[in-house]
There are 2 protein chains.
Amino acid sequence: MAGTPTVYDVAGRAGVSIATVSRVYRSPESVREATRERVLVAARELGYVPSGSARGLASRSTGVLGLCFPDYSDPDAESEAAAVDADDDHAFMLYSDQIIRGMERAARRHGYALLIAASLTGGPESLVAKVAGRVDGCAVLARTVPTEDLEVISRRLPVVMLAGPPEQDGPGGLDRLDHIEVANAEGQRELTRHLIEDHGLRRLTFVGGIEDSPDAEARFAGFRDACRAAGLPVPDEPDLRAELMTQAGGARAAEELVDRAGPDGLPEGVLFANDQMAVGALHALARRGLRVPEDLAVTGFDGIPLGRLVQPALTTVRQPMRRLGEEAVELLVRRLAEEQRGEPESLVLPVEVVRRASCGCGHEA
Amino acid sequence: MAGTPTVYDVAGRAGVSIATVSRVYRSPESVREATRERVLVAARELGYVPSGSARGLASRSTGVLGLCFPDYSDPDAESEAAAVDADDDHAFMLYSDQIIRGMERAARRHGYALLIAASLTGGPESLVAKVAGRVDGCAVLARTVPTEDLEVISRRLPVVMLAGPPEQDGPGGLDRLDHIEVANAEGQRELTRHLIEDHGLRRLTFVGGIEDSPDAEARFAGFRDACRAAGLPVPDEPDLRAELMTQAGGARAAEELVDRAGPDGLPEGVLFANDQMAVGALHALARRGLRVPEDLAVTGFDGIPLGRLVQPALTTVRQPMRRLGEEAVELLVRRLAEEQRGEPESLVLPVEVVRRASCGCGHEA
DNA sequence: TTGAAAGCGCTAACAA
DNA sequence: TTGTTAGCGCTTTCAA
């Protein structure tokens, strides 16, 4: 009676059994109105709030879905966004923000709350494990959680992997994971096709990342497809790999491109594997006195808001991040309804080429 | 051994007691390395993940902080944002997004995860109660949760109210709630002063909301202060109250202002209680063929990203929503460290006037 | 419609 | 360093 009140306290005060108190909260209509009222009054007087932990333990479900995402604070993403727009850097959404929003909405529709955590340490007591233990199902942004942990977690609850490649793995591996990604290759292919066919560009350069980002690789593959289809030379490797796929990395890549410009001069178009790099490049090129798109076209990938605000506005491929979150929830909810776990699903969401000024298109539209 | 594995399964397999298994996860260094290894291996083989519910129940703490926010889907906020920027409406962050981001970061620093839920129903089984039962402390956006529920919840765990007025209530009321808000009155006063002193405007109109929004009222108070200080007439009531503080509401208010323009003609400046309305007004005025700021100045309040993109860019007062989230976490963490609950705290965060074109300032800066 | 009783899976003393 | 033993507060049969 001293600490926080429990069912027992409420039951005592209302003159009913603890089972009845429990019923009042779980299925009010199964309790006679008068009784229910009495319980609710007692609860209110006592300041009773059902313990989620106890409920979860007893009922083996939490009513919560989880999201693990990387500690996505690319320091120069933030500081340079601020530089371009010192006015309000916080106007910009990160991917994680959009996914969170999508998941929260969808989760709410299904009566779930959302538990979010950026990956921190790893180790036995990782945040991930913490999340996994407190939710009924969970979405994980690719490369956030050590594969090994994922393997363990996915044996206990449905896990959907977001935005990474489908599990490439061997025996005993992550074959049980669902997976949602966006159409990286198709998007990059279509964007490349646009540059080639609609703008008549032929000497194109693709800038990837050095880290083995599956997204970047898929985009490169799309680039190659488009080159092949157009009868242009098909590179085996990206012409350049930025060390970091950040604005700084993109700026450095652009510098290098300019410096190494051979007898043919600059390429007619540079396709960056993401918007961050493209934006950095735009700045670097301007500093070098080069005009975009007159001297060369520049494109990105992702569709970050910043891309609209730079000069010239960035042509890119937009990923439907919010939908990614929504679809993740739908998938989890479906899984949770199954009595037996079915085959892993893999969903690919369509992307959209956004033509703005940096590729030579007139208007933003 | 059939269902999800528990400490007992792991203990059995590793040949140790359940206490040891528990220790491996809670304080690895208190277990001999060899033992620990054995446990970890067994856990991995079994697919063991500690149950958050059980831990929470046994330890009486969850390691999770919560946030309840309103179901913030102003339908025309979304659709009109889309109209202005059909290209990517989802580029815009809502308040809740920013607060979430702030809280998540701060929570992470302190080792907490974040549970978020938009208020849905109310009633015994409300989402709020659900959240409250699963967290160690919780932030609530003003007017999200019925006062009565808050009263109950706050007896069980620390609750910090965000962005509302300090609790105005009577005996037995919410006197135990901490509270963080932004300097509404000060911001509006400073903005008004700017119009009066720097732009020399004298005939000003304030447009509030009809619903009793404490924020809007505080802003109106700031407006009055500035008028008084400047020796201008001090209205008792806002000259106009929009039915909804949305873009549609603002547009309607602007229409009315134009229609009722008496012998003196239009006011020289119209101050809206929020950005949404101001943006709507900007559209409406343009449709009427009026020029802003030449024919009249327009200002908002909030600092929503959309304000930068409209024509002319909107002069406003920016609220530090992200910091609101961070401060909320700091406060909760502080509360959780106390052994005895101290006096309620009330924090007021400073705001910033953002001078853009709509008030007659030349540049966005 | 209500009650009694047996766990749910873990932590936290306390012992050993 | 490790094991034993009570609970933590609730849900859930099963009876009444």
Side-chain angles (χ1 to χ4, degrees), chain A residues 1-39 42-43 46-63 124-125 129-130 132-136 156-157, chain B residues 1-39 42-43 46-63 124-125 129-130 132-136 156-157:
Chain A
M1 200 38 249
T4 53
T6 73
V7 272
Y8 290 94
D9 302 316
V10 177
R13 180 158 194 132
V16 298
S17 74
I18 61 165
T20 298
V21 175
S22 175
R23 288 192 190 100
V24 166
Y25 285 87
R26 302 204 343 77
S27 47
E29 66 286 354
S30 76
V31 175
R32 199 200 310 152
E33 161 125 31
T35 316
R36 190 196 318 152
E37 229 24 80
R38 227 167 346 121
V39 169
L46 256 27
Y48 170 73
V49 177
S51 153
S53 295
R55 298 178 94 157
L57 181 53
S59 67
R60 299 125 165 295
S61 84
T62 64
E125 195 52 341
K130 204 163 116 180
R134 314 197 83 81
V135 300
D136 293 339
R156 189 189 212 272
L157 44 79
Chain B
M1 194 45 241
T4 54
T6 72
V7 272
Y8 289 94
D9 303 316
V10 177
R13 181 160 194 129
V16 300
S17 73
I18 61 165
T20 298
V21 175
S22 175
R23 288 193 189 99
V24 166
Y25 286 88
R26 297 188 337 80
S27 47
E29 67 286 354
S30 75
V31 176
R32 199 200 308 150
E33 161 124 31
T35 316
R36 191 194 320 153
E37 229 24 79
R38 227 165 348 119
V39 169
L46 257 26
Y48 169 74
V49 177
S51 153
S53 296
R55 298 177 95 157
L57 181 54
S59 67
R60 298 129 166 293
S61 84
T62 64
E125 196 53 339
K130 203 163 119 182
R134 310 195 89 71
V135 300
D136 293 338
R156 189 188 211 272
L157 44 78

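The chains referred to below are lettered A, B, ... by the order of the sequence lines, with proteins before strands, and numbering in each begins at 1. Keep in mind that the numbers below use all heavy atoms, side chains included, and drop hydrogens, waters and symmetry copies.
Evaluation of the salt bridge (charged side-chain N to carboxylate O under 4.0 Å, His left out) rule for A:Arg13 yields A:Glu45 as partners, not counting sequence neighbours. Not counting sequence neighbours, the partners of A:Ser30 by the side chain to side chain donor-acceptor pair (under 3.5 Å) test are A:Ser27. Scanning for side chain to side chain donor-acceptor pair (under 3.5 Å) contacts around A:Thr62 gives A:Asp136, with sequence neighbours left out. Take B:Thr35 and apply the side chain to side chain contact (heavy atoms under 4.5 Å, CB included) test, not counting sequence neighbours, and it matches B:Val16, B:Thr20, B:Val31, B:Arg32, B:Arg38.
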For a quick check, with a 4.0 angstrom heavy-atom cut-off, what is the B/S/- contact string for nucleotides 8-16 of chain D, read 5' to 3'?
BBBBBB---
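Once you apply a 4.0 Å limit to the heavy atoms of chain A, the touched nucleotides of DNA chain C run 5' to 3' over C:dT1 to C:dG9.
Distances shorter than 4.0 Å separate some side-chain N or O of B:Thr20 from OP1 or OP2 on D:dG3.
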Begin with the C-alpha distance, continue with both residues' side-chain angles, and end with the deciding distance and a verdict on side-chain contact (heavy atoms from CB on, under 4.5 Å) for A:Ser51 and B:Arg60.
CA-CA 9 Å; A:Ser51 153; B:Arg60 298 129 166 293; over 6 Å; no
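Here the closest non-hydrogen pair linking A:Arg55 and A:Pro50 is NH1-CB, 3.3 Å.
Close placement of the A:Tyr48 and A:Tyr25 rings is indicated, their centers lying within 6.0 Å of each other.
You'll find the side chain of B:Thr6 reaches within 4.5 Å of the side chain of B:Asp9, heavy atoms only.
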